[in-house]
Every structure is written in structure tokens, then in C-alpha cells.
Amino acid sequence: MFVYLTVGHVNTDAARGRKCYFSAKCRCFSLPTPYYNAVCSHSTLHVIPVFKDNIRSIDLSYNRIQKIQNRHFSYNGNLKELNLSHNKIKTLSKYSFYGLRKLSKLIVSQNAIDSVETNTFFYLQSLAYLDMKQTKINISTLQSLPLLKTLRMDFILNESNSLSFRLLHLKHLDLSGLSGRCEARTLTEDVFKFIPNIEDLNFSACKINWIYKGTFQFMRNLSILNLSYNPCLKFSGVENVTQDLSYTSIKILKLTKIHKTFEMNTMIKRSHLRHLKKTNLTEIHVNSNRIQKVEKGALLFLPSSIRTISMSDNEFSYGDYLSEIMVVPVEHVNISELFKSHIPSNHEERCDHRNEINFPEEEVEKHILSIRPNFVPLPQRLKSFVYRKCLIRYEIPAMNLSENSIEYLDGHQNMFYSLIGPLCPLDHVTYLDLSDNMSSNISKVFFQCTSNLKILRLQNNLLGFVLPDDVNGEVLQYVPDLREINLSENRIPTLPYYFFKSQVSVRRLYLDGNLLDYLIFKIDHMKNLNFLGLSNNRFSYLDKPARNQLETVLKNNKNLSIDISGNPLKCTCDTKDFIQWMGNTKILFNNLHFYTCRLSTDKKQNLNNPKRLYEVLQKECASYTSLVIGLLSLVVLFVSILTFGLVYRHRWRIRYMYYMVKIRYFETKQKTHEKKIYSYDAFVSYESNDRSFVHGQLLRKLENDAGLKLCIHQRDFLHGRDIAENITSAIHDSRKIVVIMSQNYLDSYWCMFEYNMARVESIYSRNKENILFLVFLQQMSPGSLPLLVLELVQSQSYIEYPNDEYGDTVFWEKLKEVLT
């Protein structure tokens, strides 16, 4: 076998080969000692290097060699394969191949050879394979090749050129115009009469217009016949061929494009196939022939040995022949690319015969509309059915199929916009491909009759519109034995948790190219899962539940691999657990060298070493955490101090407001226009040690003599009531507050409480009215007074008790005046 090197695509083996010792432009590959293969293609060689006797194959293709020196290969008696294609060789002399006694394969195609001596191939007695396409080697020079089995050559059939030579061992003959030059407008019974043992004959693209009866009749061993790409032959010309094939060993018949693309539609008739009944034909290819109809009864002439029918790129319409297909023993059918569009050719081949019966194209559209029968007949032995790339837009409704053995169904690249179903029975189907169909709907019973399905391919559709609503996994409930599911490129935003609940045997699950951002569907029950494709979605990371599911699967399948490449992954403090998991897990990440993630600085980072990246993130995030904790602590401390300061500064107001709200909650509400009525003329605030003055003199002078009503805590406070509430209520219900100031008063907590409550009352409830009156029982220096008392002394009323007869009179008169 030759190893080829093409420009831009260097063979991997050649890349590993070492330079040959005889030429730096050649690469040598070791074989069992002491032999080598030499590859010298694409090396701009102008002359052939000198090779040693231990070379088994030589590839000199795609160079600039113009001549083979006489006896150049004299020392290459062990050479078996030689490739000289795509050079500039013009002549072959008698001694060009001298010494190549073991050569079995020779390729001299794509050269400018136009001169060949008669005995050029005399020394190639072991040659079994010869490729001389695109050369002008005269076929008469091949008579000296008695062991030749495979021949690839150009063929121009005219009066001076025919296959009138004897090659009794020739098995494979390639005359195709697709790889060389071929023109044989008419084939007669004399063309192949000297090569009767042919098994494989390729006569494609040879501009054949007509084939006479008897052309192939004597080829008893013919098993493969290729007459494709002869658009002037038509099915009328094939009728003579099929008659001859009944005398051969035909197995494969290829009749692709034997009808012009832009002619009227055609029909396969009974006469075209009737002679095949006596053959052992297993495959027939009639692709791209504008076939619209099959004559009733024609399919019944297919032999019982038929197993494969390929009829793609035609324009079939619904007809009576469909009922006959049930008895055809075919196993594999391909009717893809129905109604395919074509581009007109600028070099349309001219035909000599026009005997085909055509049908107007108007009938095609009429039958397209009736292509949806409720009952679809199928061959009972049918195992493979291919129906792809057909330009027909419709839904797949519920269908009743005839009994069949279909295992392989390929319907991708159509326009099945809605999958309703079910299609019953399809009990044997294991492979179903409905990808590339623009399907936006699938019913919950579509797979009802495909319980043995193993491989399901639905990629490149629009099922993201319906699958998120399948919360109970009803779409796939009838196919529990699935091994492979492909839902890629379906614009799926999310899948419900129980969507795959019935799929416990899945091994490969493809969800690439969707809109998923979280893996919330259940997969940890898939014990055989070995690949999960999530590439090109919207994952920024895999959260902990998703990672736990994958780890659960890994416990049952140590070969689990996933692909999350092409996702907008993030490498931040929030996702560092995910990065750590990537570095520690035993799960294999496919294409890890392509993974990238985005840092908190919005810079992209390669993810091919997750462990190292996690270490970097751990350091960064640790410093950020300390900083954040420190800042938060400072903020809390500042707020606490500020709050404490505000509370302390307004402590009396807060306490006053608390008690006032509490008091007013129980009071009867008064109308706002009514004037406030006080219960007492004054509240007397004093310390217990000064009670002799209050009870002995103050009450007598003010209550008995002046008729004022005073509030005294030992007498007027309600028993069982909170003391602070009693104080606040008394102050609030008194017109004035008299403070009996003494050192004892300043040392008493409750006295200072009464004093501060009185101050707050005067400021906030009585619009800064002067209601507080101080009575000093003793001389007190300003330095001994608290700031709050001193401030009041300097701004408001106070009086000192004189404790003498004249002074007492003035004192009591002044006090009465203030209170009244």
C-alpha cells in the first residue's frame, strides 16, 4: 500500500519517518528487517533517486520527473509497489521497468505518456494491478501481462481502438470517465469478447447512448456492473443489459443518473426489470433518475436475492405500486433527497436516442399532496430505511405500518416540523435519526411503538419549545433501553428533574449547543453513563448538586467523561469550589486544553490546570475574606458607637417618650381643640431625707393656706404601678414641677430621674414652657452642681430657702405667685 502526502495535510506516519540514506527528500518507514517503504511524494524531484534492493514500495507521486532511465530499477528485484502518478513522464522504453520481477502494483496515471515501446511491460511478469488513467498508453502493449487482475485505463471506442486483447486473468476493469477519459457511445457484443472473466466492470460516465444485446452475455463471472452517469442511456437502453445479466453472476447493478436531470419525469416499467427475476442480484442503485412512478407489477420481477435498493434523488409519487413493495424481500432501502433541487449544467451531453416515456411534471405536485396515507406498506424483511434530505414539509402523524423488521431508520435533514406519531409497529427499531428537521413539537406518544430503541438522534431541531414542559418524563417513557441520546442544538433552556427518569441504561448523552445554565435534571441513576456532552451552553460553573450527581455516576462507571468546553465558565471566589472539584475529581474532561474561564477582573484564563488555578484563587479569596471581615467589623463598630452615643445623648427623651406612649395608650383620648386640664397645680420632686420640710411646711403653706393641689409621691402615687410610670404620669398631669434641691437630691437616682423627665416634658411636650422651679434648701456652689442643673439655674427660675422670719414670708409669697 502506498503512503500519500498531500500539500497541507502531512500524513502522520510520514511525519514520524526518518530521512532515507539515499535521498534527503525521501522518508523511509521500517518494515520487518531488512525492508523499507520509501515515500518521496511532493518533493519536487526531477530525477528518480537510486534505490537499494531492500525497498518494498516507492511513492514518487506529485513530482516533476520527466523520464525513467533504462534499467534504473535493475537492483530493485524485491520492489512490489511503485507509484509514478502525477509527474511529467512522456515516454516508456523497453527497459524502463527492467529488473522489477516482483512488482505487483504499478501506478503511472496522470502523466504525459504518449510513446510506449511494444515490450515495455515485458519485465513485469508479476504485475497484478495497473493504473494508467490519463495517459495515452496503447492497450495493445498490455498483451505481455498475463497475470494482470486489475486495470484502470482510459477508453475511447472507435474503429482503431477496442478491447480486442486477451487478458484471461483480468477481474477488475475500470474505464470510468469520472477518473479519466472515456467515450463509448455504443457498446456491441464484440467489445469485451476477449476478457470473459471480468468480475467488476466500471463503465460510468462514458457517454453511452445504446448497448446491444449480448454485450455482457458471455461474462459468466460478472458480479458488479456500474453504468452510472450515462444520462443518454435511459431505462430503455438498460432493458438489453438486464436481459444479458440473467446469464451472469451479477450481484450489484449501479444505474445512477442514466436519465437527464432536466428532462421530463420517467417511469420504471416491467420490461426494464423482468429479466432480473432470473439473477442473483443483491443490490440495485437507481439514484438521480427523475423516477416518478413504477409500473404496476414491475417490483415483482425483482429477484428473491435482492437485499438493497437505493433510489435517492428521485421524484416518487404515491401509487398502486406501494402495495407490491410488501412482498419484495429487500432489507435496506434508501429514498433520500426526494425533489432535490439541481443547478443546470452548461455542458449538457447530446443524446442520440430518445425512447424514454416521460410524465409531465404537473403530476408530481398532485401526488405530493397525497403522500400521507394512514396505512404505509413496507417490505416484510426491511431492516434499513433511509429517507433523508427530502424537500417535503409536513408533520409525522399517527401511522399504521405493515409488519416489518426495520432496525435502522434515518430521516435526518428533512422538514418534519411536528412529531406526532406513534408509528406502529416498529418493535425492531434500534436506531432512529430525526435530526436537522426543524421540529418544534414532539408528542408524548411518539415513541410508543419503539420500545427497543437504542440510539436516538434528535439534534439540530427546535425541541426547546416543548421539552421543558415534560416534568414527568413522558416523552421518553416508552424507550427505557436507550444507549445514546443526542439532543444537541435544540435551544433547550432547561430540562425538568425527571425528564430522563426512565433512561437507566444510557451510555452517551449529548446536550451540546443548547441554552442550559444549570444541570438540574436527574442523571445519577444512569449507572452506565460514560459520556455527557454539555459544551457550548451557558454554564458559569457546575453547582454542588450537579457535581454530586456526577460523582455518584463515577462510582459505578470509572470511565465517565464530560465535555463543558465553550461555556462562559467563571473563576472567582464564588466558584472556587467548582475549580477545586475539577482538579480533584477522577472524571475525565474532554478537550480540557480548550477550556477557558473568566476571572473577577474579566480577564480570560486557561483552565488546563485546575489545581494550580485553585491555589491562586484560594490565596486571592483568603485575602479578600480578611479584608471584607475587617471592613465589616469596623462598620459594625462604628455603627454601634454611633448608636450608643445617640442613645446616650437622648436617653432621657427616649425614656420619656416610652413612658408617655405607654401612658397615653391607656388614657382616654381628648379632642385636639380642648384645653389641657391638669390634675395637679404642681408636682413636688424631693429626696426622702428632705420630707420634713415638704410635709412640715410646704404642704401647709401651699395646700392649706394657698389652696393649691400638690402631687407628693409618698401620698399620691398609685400603688402597684411602675415607679417610673408614676413619675412620668405625675409630671405630665401637673402644671408646674417644684424641685427641692439639696445634696441628697443630687445623690438620688430617682430624684435625678424626676428632674430629667421634667426637663424633657418642658422641652418636647410644652414647647419649652418654663414649668420647672428649683428650691435650694441649702447653699450649693456652682462647681457642685451637674451641668444639666447648672444650665437650668442660669436660664430659668430658682429660689433659695432663707430659714428666717422675714425671709420666710417673702419666700412663701414668691413660691405661691409662681405656682398660681
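With sequence neighbours left out, the salt bridge (Lys or Arg N to Asp or Glu O under 4.0 Å) criterion links Glu551 to no other residue. Applying the salt bridge (Lys or Arg N to Asp or Glu O under 4.0 Å) rule to Glu283 yields no partners; only residues at least two apart in sequence or on another chain are considered. Every residue two or more places apart in sequence or in another chain was checked for a ring-ring contact (aromatic ring centres under 6.0 Å, His included) with Tyr595, and none qualifies. The salt bridge (Lys or Arg N to Asp or Glu O under 4.0 Å) test applied to Lys171 returns Glu199, not counting sequence neighbours. Qualifying ring-ring contact (aromatic ring centres under 6.0 Å, His included) partners for Phe447, counting only residues two or more places apart in sequence or in other chains: none. For Glu489, there are no salt bridge (Lys or Arg N to Asp or Glu O under 4.0 Å) partners, not counting sequence neighbours.
Sorted by first and then second residue, the disulfide bond (SG atoms under 2.5 Å apart) pairs with a member in residues 432-463 read Cys424-Cys449; sequence neighbours excluded. For residues 540-571, the pairs satisfying disulfide bond (SG atoms under 2.5 Å apart) are Cys571-Cys597, with sequence neighbours left out. For the side chain to side chain donor-acceptor pair (under 3.5 Å) condition, the pairs that include at least one residue of residues 533-550, sequence neighbours left out, are Asp512-Ser535. Within the structure, ring-ring contact (aromatic ring centres under 6.0 Å, His included) contacts touching residues 426-445 (residues at least two apart or in different chains) are Tyr408-Tyr431.
Closest of all the heavy-atom pairs between Pro422 and Gln448 is CG-OE1, 3.7 Å. Among all heavy-atom pairs drawn from Ile455 and Arg457, the shortest one is CG2-NE, 3.8 Å. Closest non-hydrogen pair, Thr450 versus Val479, comes out as O-CG1, 3.2 Å.
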Please list, one pair per line, the donor and acceptor atoms closer than 3.5 Å that link side chains of residues 515-522 to other protein atoms, with sequence neighbours excluded.
from: Lys522; atom 1: NZ; to: Asp524; atom 2: OD1; distance (Å): 2.7

Solution key, residues 463-472 side-chain donor-acceptor pairs under 3.5 Å, sequence neighbours excluded:
from: Asp470; atom 1: OD1; to: Gly473; atom 2: N; distance (Å): 3.3
from: Asp470; atom 1: OD1; to: Glu474; atom 2: N; distance (Å): 2.8
from: Asp470; atom 1: OD2; to: Glu474; atom 2: N; distance (Å): 3.1
from: Asp470; atom 1: OD2; to: Val475; atom 2: N; distance (Å): 3.0

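The aromatic rings of His272 and Phe235 lie parallel to each other, their planes meeting at an angle below 30°, with 60° marking the opposite boundary.
Side-chain atoms of Asp410 and His412 include a donor-acceptor pair closer than 3.5 Å. A donor atom on one side chain and an acceptor atom on the other are found under 3.5 Å apart for Arg152 and Ser179. A donor-acceptor contact closer than 3.5 angstrom is absent between the side chains of Lys340 and Ser336. For the residue pair Asn202 / Ser204, a side-chain donor-acceptor distance below 3.5 Å is found, with atom types taken as modelled. For the residue pair Ser439/Asn437, the side-chain donor-acceptor check at 3.5 Å is not satisfied. Using modelled atom types, one finds a donor on one side chain and an acceptor on the other under 3.5 Å when comparing Asn287 with Ser310. Using modelled atom types, one finds no donor on one side chain facing an acceptor on the other under 3.5 Å when comparing Asn606 with Thr596.
Counting non-hydrogen atoms of neighbouring residues, nucleotides and ligands closer than 6.0 angstrom, the NZ atom of Lys570 reaches no more than 12 such neighbours. Annotation: Lys611, atom NZ; neighbour count of heavy atoms from other residues, nucleotides and ligands within 6.0 Å does not exceed 12. For Met415, the CE atom is densely surrounded, since the number of other residues' heavy atoms within 6.0 Å is greater than 12. For Tyr497, the OH atom counts as densely surrounded, since its 6.0 Å shell holds more than 12 non-hydrogen atoms of other residues, nucleotides or ligands.
Side-chain atoms of Ser312 and Glu337, non-hydrogen and from C-beta on, do get closer than 4.5 Å to each other.
When atom types are taken as modelled, the side chain of Thr430 and the backbone of Leu453 share no donor-acceptor pair closer than 3.5 angstrom. For the pair Asn556 (side chain) and Met526 (backbone), a donor-acceptor distance under 3.5 Å is absent. Judged by distance alone, the side chain of Asn230 and the main-chain N or O of Phe203 form a donor-acceptor pair under 3.5 Å.
The structure places CG of Leu462 at 10.5 Å from CD1 of Ile492, a figure rounded to the nearest 0.5 Å.
Between Glu331 and Arg307, at least one side-chain nitrogen of the basic residue sits less than 4.0 Å from a carboxylate oxygen of the acidic one, meeting the salt-bridge criterion.
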